[in-house]
Structure formats: structure tokens, C-alpha cells
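Written below as C-alpha cells is the structure these notes are about.
Here the structure is a predicted model, which is why all the values come from computation and not from measurement.
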Amino acid sequence: MATAEAQQSGPIGVDADNFVHDAEKNASHLQGNVRITRGEMLVTADEGFAYRGANGYERVELFGAPVQWRTVTEEGGETTGRADQVIYNLIERTITLVGEAYLEEPRGTYTGERLVYNLDTEGVRGEGGVRLSIEPEVIDGDDEDNGDQGPEQD
């Protein structure tokens with residue numbers, strides 16, 4: 001789908017009030033109204049650091065009160081999150097929410113000290129007092145099999 005492709009290979013937009021690049025550390029410091037976009041993905045923060053490797057930028061670490069993150073899944077659903085720190089790993093294609101982490105997606109909500117969302121698989125992994133609130137499955141279509149009806153009677 002076009003949305004998923006844009007979030008994997010599209011350009012990354014970065015906006016901030018102030019920007020300083022440190023060539024020795026191969027890092028850029030972003031300050032004030034930081035906004036990162038890629039396809040339908042949006043991350044907003046107060047401050048951030050973008051780290052460059054041999055083949056380009058590898059990760060962006062963002063800080064705020066809180067950092068806000070939003071993306072659209074391949075199915076068109078919205079996934080949002082917030083935390084004290086968000087790490088966008090471009091190599092592993094993950095979003096890591098650290099510190100009072102909260103993630104909401106069509107399947108439910110997750111909270112914990114650390115939540116990791118995989119952009120490719122849409123899987124979630126959590127650590128530190130994880131709490132889930134799972135939405136009930138929606139049954140659609142015919143009523144052919146609506147669960148256990150009990151034993152058949154002859």
C-alpha cells in the first residue's frame with residue numbers, strides 16, 4: 001500500500017526552531033517545536049537528537065512533555081502514542097516509547113515504562129508494569145459460527 005511504502009522509503013521531514021549539527025559526533029541537535037514526518041507518520045517533541053551512521057541517519061531520539069507520535073496502518077487505522085522519550089530507529093523500523101509510555105491502536109491500548117512498536121509487523125512489546133486494555137473482536141458477515149452453541153441435539 002502507498003502509505004506503508006512512504007513510511008518505509010519516503011523522505012523524512014524535519015522541522016525545528018533551532019538546529020545545530022556536530023560533525024565530530026555525527027549528530028544533529030533539534031530544539032523547539034520539533035516535528036518529524038515520514039509518509040503518514042508524525043512525531044512532535046520539544047527537543048531531539050538525530051544520529052547519522054555510515055549510510056545516513058539511523059535513529060532519532062526525541063524528548064518532551066510528552067513526545068506525541070501518530071501513524072496510519074496499512075488497513076487505514078490510526079496508531080498513536082506518547083511518552084517522555086521516543087526513539088525512532090530507522091534501521092530496525094521501530095518506535096520505542098520510554099517513560100510513562102502510552103500506545104493506542106485499533107486492537108486496544110498499552111501502558112508501561114517502555115513500549116516498542118514495530119512499524120512493519122505492527123507488533124507491540126512492553127516492559128515495566130505493562131497494562132493492556134484489549135478491544136473485543138468485531139464479528140462481521142454472516143452469523144454462521146457465533147461461538148459455542150452447545151452440543152447439537154438430534
Side-chain angles (χ1 to χ4, degrees), residues 1-17 19 27-53 55-149:
M1 179 173 237
T3 299
E5 287 177 27
Q7 291 180 167
Q8 291 178 24
S9 60
I12 299 170
V14 178
D15 293 298
D17 290 342
F19 170 87
S28 300
H29 186 192
L30 311 162
Q31 291 178 299
N33 298 308
V34 178
R35 182 178 166 99
I36 309 287
T37 58
R38 189 174 202 183
E40 295 289 326
M41 186 178 71
L42 168 67
V43 185
T44 58
D46 298 329
E47 179 179 25
F49 294 89
Y51 297 97
R52 196 170 168 85
N55 296 319
Y57 283 99
E58 295 178 347
R59 83 178 183 283
V60 181
E61 295 180 10
L62 300 147
F63 305 89
V67 179
Q68 302 279 335
W69 165 71
R70 178 187 69 79
T71 194
V72 176
T73 65
E74 285 191 38
E75 295 79 30
E78 186 173 86
T79 298
T80 61
R82 65 179 181 267
D84 297 332
Q85 177 184 10
V86 170
I87 303 163
Y88 175 25
N89 188 314
L90 286 82
I91 305 298
E92 295 177 4
R93 301 223 358 94
T94 58
I95 298 288
T96 303
L97 305 143
V98 180
E100 297 187 41
Y102 174 86
L103 181 90
E104 182 175 354
E105 62 173 3
R107 297 176 292 196
T109 60
Y110 308 80
T111 60
E113 186 54 33
R114 179 183 173 96
L115 301 172
V116 180
Y117 180 84
N118 185 298
L119 291 164
D120 293 326
T121 66
E122 298 175 12
V124 180
R125 187 172 76 238
E127 301 170 5
V130 176
R131 183 178 191 116
L132 310 174
S133 174
I134 301 170
E135 293 297 321
E137 293 291 320
V138 177
I139 299 172
D140 101 333
D142 299 342
D143 286 345
E144 288 178 20
D145 184 2
N146 283 335
D148 187 2
Q149 303 287 329

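In this view, R59 and E61 satisfy the side-chain hydrogen bond (donor to acceptor under 3.5 Å, both in side chains) rule, not counting sequence neighbours. Legend: residues meeting salt bridge (charged side-chain N to carboxylate O under 4.0 Å, His left out) with E47, ordered by chain and number and at least two apart, are absent. Every residue two or more places apart in sequence or in another chain that forms a salt bridge (charged side-chain N to carboxylate O under 4.0 Å, His left out) with E78 is listed here: R70. Taking F49 as the reference, H29 meet the ring-ring contact (aromatic ring centres under 6.0 Å, His included) condition, with sequence neighbours excluded. Remark: R107 engages E105 in a salt bridge (charged side-chain N to carboxylate O under 4.0 Å, His left out) (not counting sequence neighbours). Scanning for salt bridge (charged side-chain N to carboxylate O under 4.0 Å, His left out) contacts around R82 gives an empty result, with sequence neighbours left out.
Side-chain atoms of T73 and T79, non-hydrogen and from C-beta on, do get closer than 4.5 Å to each other. Looking at heavy atoms from C-beta onward, P66 lies out of side-chain contact with Y102 at the 4.5 angstrom threshold. You'll find the side chain of R114 reaches within 4.5 Å of the side chain of V116, heavy atoms only. Considering only heavy atoms from C-beta on, L90 comes within 4.5 Å of V60 through its side chain. Proximity of Y57 to I12: side-chain heavy atoms (C-beta onward) are nowhere separated by under 4.5 Å.
Here the straight-line distance linking atom CG of L119 with atom CD1 of I95 works out to 5.0 Å at 0.5 Å rounding. Interatomic distance, OH of Y110 versus CG of L97, reported as 12.5 Å (0.5 Å rounding).
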